[in-house]
Amino acid sequence: MRGSTESAVGPAATEAAGEPETAGDAAERAGGAEEYAGVAEVHAGDAGEYAGDARRARWVAVGTGALLTCAGLAAALLRSAGAAPALVPAAYALGAAVCASAAVLGAKGRTRRALWSLIAGTMIMALGDQFD
């Protein structure tokens, strides 16, 4: 507790006597919760500080996923029109599908999973490039 009250009478006795409850009595009855109010304000400030970074990361994941999806689909269409083995356009299309799912994950706020999915999708498309 932070301090003592002016009166020797406790909160229950003060209310029974008809006296108005003071702020010190309410804080004492709350268990010193006012001491921890500053801690909640500090953590709330941290959450606001990182909210912009999280929003930016989500948009980067969505934008990159959409861009890699378009690139993978274009590569799959170009390779399927040529004399490349069937595995090459399939790898590009599969990588594009993984990148599309990464864009959806990024839009939902699953940024870490989205970024790892982007890496996996890009690696699948690179594998298709190696087969070419």
Side-chain angles (χ1 to χ4, degrees):
M1 304 280 173
R2 271 190 359 168
S4 64
T5 59
E6 298 285 327
S7 165
V9 180
T14 304
E15 289 176 341
E19 297 177 19
E21 187 178 273
T22 63
D25 293 337
E28 190 172 313
R29 190 168 35 105
E34 79 281 351
E35 292 179 24
Y36 300 107
V39 174
E41 290 171 7
V42 169
H43 290 301
D46 288 344
E49 181 180 324
Y50 295 120
D53 292 340
R55 188 177 306 113
R56 194 173 314 116
R58 280 195 304 269
W59 281 108
V60 165
V62 170
T64 306
L67 181 70
L68 286 173
T69 300
C70 291
L73 288 176
L77 289 174
L78 287 173
R79 295 296 185 209
S80 65
L87 188 60
V88 175
Y92 280 120
L94 180 63
V98 171
C99 289
S101 69
V104 170
L105 285 172
K108 289 183 178 182
R110 304 287 187 186
T111 311
R112 185 177 299 152
R113 291 179 185 167
L115 294 176
W116 280 111
S117 296
L118 287 172
I119 292 169
T122 306
M123 289 175 63
I124 292 169
M125 286 191 268
L127 189 64
D129 190 44
Q130 287 295 316
F131 289 141
D132 191 17

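- For residues 66-82, the set of pairs meeting the salt bridge (Lys or Arg N to Asp or Glu O under 4.0 Å) definition, not counting sequence neighbours, comprises R79-D132.
- Within the structure, the side-chain hydrogen bond (donor to acceptor under 3.5 Å, both in side chains) test picks out the following pairs touching residues 80-101 (sequence neighbours left out): Y92-D129.
- Every pair passing side-chain hydrogen bond (donor to acceptor under 3.5 Å, both in side chains) that includes a residue from residues 54-68 is listed here, sequence neighbours excluded: D53-R56.
- The list of salt bridge (Lys or Arg N to Asp or Glu O under 4.0 Å) pairs with a residue in residues 94-111, not counting sequence neighbours, is empty.
- Summarising the geometry of A93 relative to A76, their closest heavy-atom pair is N-CB, 3.9 Å, with the distance given to 0.1 Å.
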Please tabulate, one pair per line, all N/O donor-acceptor pairs under 3.5 Å involving side-chain atoms of residues 116-128, not counting sequence neighbours.
| unit_1 | atom_1 | unit_2 | atom_2 | d |
| --- | --- | --- | --- | --- |
| S117 | OG | R113 | O | 2.9 |
| T122 | OG1 | L118 | O | 2.8 |

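- Between G106 and A61 the shortest heavy-atom distance is CA-CB, 4.1 Å.
- Under the 4.5 Å side-chain heavy-atom criterion for ILVMFWY residues, no single connected hydrophobic cluster contains both V88 and V98.
- Checked against side-chain contact (heavy atoms from CB on, under 4.5 Å), L73 has the following partners two or more places apart in sequence or in another chain: T69, A96.
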